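Read the structure below first, then the notes.
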Amino acid sequence: MPELPEVESVRRGLEPYVVGRSFAAVEVHHPRANRGQEAPLSALLVGRKIAAVARRGKFMWLEFADEDHSDPARDVLFIHLGMSGQVRIGEVDSPHVRIAAVLDDATRLSFVDQRTFGYWRLGPWLTMAHIAPDPLETDFDLTAAGRRLRAKRTAVKVALLDQTVLSGVGNIYADEALWAAQISPLKKASALRQRDAVAVISAAGDVMREALTVGGTSFDALYVNVNGESGYFDRSLHAYGRGGQPCDRCGEEIVKTVLGGRGTHYCPSCQRRGEGRLPAAN
DNA sequence: ACCGCGGCCTGGCGGC
DNA sequence: TGCCGCCAGGCCGCGG
């Protein structure tokens with residue numbers, strides 16, 4: 001479940017089941033699920049006590065009780081959901097169960113991942129040092145993120161997806177943030193005024209916070225929380241997936257195009273902020 | 001140093 | 001019905 005609100009929904013769901021528990025058994029059913037790991041995951045994890053479930057952007061990780069949490073070199077268990085990963089409580093009847101784990105209180109965790117872009121990997125926390133803060137962090141610096149965005153010479157849509165600028169934003173929330181801030185996805189990030197860069201990042205935070213309150217966005221059973229339930233933010237989408245439909249703000253037709261290889265949806269009429277002519281407000 | 005593109009996978013859908 | 005190409009919410013590494 002790809003973007004920040006979906007990952008955070010999983011993190012919150014996982015927390016009460018795993019904190020204070022230890023791994024009793026871990027079985028890897030698909031080699032890609034722990035690629036990059038030499039030793040078997042079970043040898044690395046069994047007996048280790050989980051102290052916390054943390055997240056930055058779309059990266060989630062388990063902190064262990066026997067590690068120094070202020071040490072950037074400490075080992076953590078990264079759980080990345082990739083494009084189609086799920087972490088479920090209990091056993092799951094699916095051909096895509098890639099990892100099955102049991103905790104010391106007999107709680108079962110199933111890592112289900114159709115496309116195998118996700119993984120569990122024990123490694124040093126600093127492996128993800130390049131991931132920028134996400135807009136839901138309490139000390140997130142909007143001004144600095146705005147400057148990083150404007151340092152990019154790509155289209156602003158592409159820059160929003162760059163996890164070293166800010167993290168957590170994926171293809172859905174990038175389109176939604178640009179729609180909310182009334183900025184064209186095609187506009188060069190470096191051509192944005194600072195206040196518009198800040199506005200679109202701020203909008204990304206707002207949209208993701210709102211999505212989180214309804215459990216994230218899911219169009220199908222691929223994107224579910226730890227109990228297999230779908231979120232329903234798809235009902236609140238204004239741009240993503242709405243190509244050919246009328247803009248909720250101005251009625252013009254939403255256009256679908258491709259930017260940076262990703263489907264991109266926007267209103268060509270009212271997403272023109274910072275282009276010299278203000279959109280007609282309805 | 002940066003940016004753009006291709007690759008990694010599976011499965012569902014629309015078109016022929 | 002069947003096959004084929006295209007598309008999908010992410011990320012990394014390569015080459016220019």
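The model shown is predicted, which means the values in this text are computed figures rather than measured ones. The analysis underlying the following values was restricted to heavy atoms, covering all of them including side chains, and did not include hydrogens, waters or symmetry mates. Below, read A as the first sequence line, B as the second, and so on, with proteins coming before strands; counting in each chain starts at 1.
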Could you go over nucleotides 12-14 of chain B and give all protein N or O partners under 3.5 Å, atom names and distances?
none

Under 3.5 Å between N/O atoms: give me all the protein pairs with nucleotides 2-4 of chain B, atom names plus distance.
unit_1: B:dC3; atom_1: OP1; unit_2: A:Arg153; atom_2: N; d: 2.7
unit_1: B:dC3; atom_1: OP2; unit_2: A:Lys152; atom_2: NZ; d: 3.3

Every protein N/O lying under 3.5 Å from an N/O of nucleotides 13-16 of chain C:
none

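Take A:Arg35 and apply the side chain to side chain donor-acceptor pair (under 3.5 Å) test, not counting sequence neighbours, and it matches no residue. Qualifying side chain to side chain donor-acceptor pair (under 3.5 Å) partners for A:Asp162, counting only residues two or more places apart in sequence or in other chains: A:Lys152, A:Thr164. Considering only residues two or more places apart in sequence or on other chains, A:Arg209 meets the salt bridge (Lys or Arg N to Asp or Glu O under 4.0 Å) condition with A:Asp206. Every residue two or more places apart in sequence or in another chain was checked for a side chain to side chain donor-acceptor pair (under 3.5 Å) with A:Trp120, and none qualifies. Among residues two or more places apart in sequence or in another chain, the side chain to side chain donor-acceptor pair (under 3.5 Å) test is passed with A:Gln163 by none.
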Check your understanding: In dot-bracket notation, what is the pairing pattern of DNA chain C, taking Watson-Crick (N1-N3 plus N6-O4 or O6-N4) and G-U wobble (N1-O2 and O6-N3) contacts under 3.5 Å, with [ ] crossing and | for other strands?
Key -> .|||||||.|||||||

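Rounding to the nearest 0.5 Å places NZ of A:Lys157 at 4.0 Å from CG of A:Asn171.
The side chain of A:Arg262 places an N or O atom within less than 4.0 Å of a non-bridging phosphate oxygen (OP1 or OP2) of C:dG10. Look at A:Tyr240 and you'll find a side-chain N or O under 4.0 angstrom from OP1 or OP2 of C:dG9.
If you take NZ of A:Lys256 and C1' of C:dG9, they are 12 Å apart, rounded to a whole angstrom. With rounding to whole Å, A:Leu222 atom CG is found 9 Å from C:dA8 atom C1'.
Both A:Ile131 and A:Arg115 lie close to DNA chain C; mapped to their nearest nucleotides by heavy-atom distance, the more 5′-ward contact belongs to A:Arg115.
Near DNA chain B, meaning a heavy atom under 4.0 Å away, the residues from residues 117-129 of chain A are A:Phe117.
Residues A:Pro133 and A:Arg56 meet the side-chain proximity criterion, which asks for heavy atoms closer than 4.5 Å.
Residue pairs meeting the ring-ring contact (aromatic ring centres under 6.0 Å, His included) criterion with at least one partner in residues 176-219 of chain A, sequence neighbours excluded, are A:Trp179-A:His238, A:Phe219-A:Tyr240. Residue pairs satisfying the ring-ring contact (aromatic ring centres under 6.0 Å, His included) criterion with at least one member in residues 2-57 of chain A, sequence neighbours excluded, are absent.
Remark: the separation of the P atoms in B:dA1 and C:dC11 is 23 Å, to the nearest Å.
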